[in-house]
Amino acid sequence: MAIQRTLILCKPDAVSRGLVGEIVRRIEVRGYLIVAMKMMQLDGERARKHYAEHDGKPFFAGLVDFITSGPLVAMCIEGEDAIAGCRQLMGATNPLQAAPGSIRADYAQTIGLNLVHGSDSYESAERELAIFFESREFVSRKHDLERWLVEKK
């Protein structure tokens, strides 16, 4: 298994509903490490860059409008197979199709109000993390990661 980093966003609906703590709790209970985290108000330029793969699609403007509608919390999560693991924690994009016990199944209301974003591949994680964080913002948690890997075995 590979140690990976991934971007997780607690979107404006998660922040406004007071669910950031629960989302962070679930990530940490799963054994992942938060190596960067900040609350921010996303501007249109950064939002368009984040959703660039959807540019030209009918829902692109709505994505940008929503993600810039209020504060969000951006996190860099690190751990074994963090990309797939965090996506499993989040559940399917449509909360009605999300696995029971996932964040979206438990708390999300609609596809448009689905609380969280997570990178879907290694390449996406690299690109997205660079949009939200500068390299100096990552904190080394190597000691915590090594301890966790030993305890896991």
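Considering only heavy atoms from C-beta on, Thr6 stays 4.5 Å or farther from Gln4 through its side chain. Taking 4.5 Å as the limit, some side-chain heavy atom of Tyr32 sits within range of a side-chain heavy atom of Leu89. With contacts defined as side-chain heavy-atom distances shorter than 4.5 Å, the pair Lys11/Leu115 does not qualify. Proximity of Met75 to Leu7: side-chain heavy atoms (C-beta onward) are nowhere separated by under 4.5 Å. Counting only heavy atoms from C-beta outward, the side chains of Ile77 and Arg5 never approach each other to under 4.5 Å. Residues Asp13 and Phe66 are in side-chain contact: their nearest non-hydrogen atoms beyond the backbone lie under 4.5 Å apart.
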Tyr122 vs Glu126, side chain to side chain donor-acceptor pair (under 3.5 Å): CA-CA, chis, key distance, verdict: CA-CA 6 Å; Tyr122 178 80; Glu126 277 193 330; 3.0 Å; yes
Would you check, one step at a time, whether the test side-chain contact (heavy atoms from CB on, under 4.5 Å) holds for Val29 with Ile27? CA-CA 6 Å; Val29 166; Ile27 289 167; over 6 Å; no
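For Asp120, the side chain to side chain contact (heavy atoms under 4.5 Å, CB included) test picks out Arg87, Ser124, with sequence neighbours left out. In terms of the ring-ring contact (aromatic ring centres under 6.0 Å, His included) criterion, Phe60 has no residue partners (sequence neighbours excluded). Listed by chain and number, the residues in a salt bridge (Lys or Arg N to Asp or Glu O under 4.0 Å) with Arg26 are Glu22, Asp106 (sequence neighbours excluded).
Listed by first and then second residue, the side-chain hydrogen bond (donor to acceptor under 3.5 Å, both in side chains) pairs involving residues 37-53 are Lys38-Glu137, Glu53-Arg127 (not counting sequence neighbours). Within the structure, side-chain hydrogen bond (donor to acceptor under 3.5 Å, both in side chains) pairs that include any residue of residues 88-104 comprise Arg30-Gln88 (at least two apart or interchain). Within the structure, side-chain hydrogen bond (donor to acceptor under 3.5 Å, both in side chains) pairs that include any residue of residues 62-74 do not occur (at least two apart or interchain).
Atom NE2 of residue His117 and atom CG of residue Leu72 lie 10.5 Å apart, to the nearest 0.5 angstrom. A distance of 9.0 Å separates CE in Met40 from CG in Leu9, rounded to the nearest 0.5 Å. Here Ser119 contributes atom OG and Ile8 contributes atom CD1; the two are 6.5 Å apart, rounded to the nearest 0.5 Å.
Smallest separation of non-hydrogen atoms from Pro12 and Gly70: CG-O, 3.5 Å. For Phe133 against Ala36, the heavy-atom pair with the smallest separation is CE2-CB, 3.5 Å. Counting all heavy atoms, side chain and backbone alike, Cys10 lies closest to Ile23 at SG-CG2, 3.7 Å. The two residues Ala108 and Leu113 make their nearest non-hydrogen contact at CB-O, 3.7 Å.
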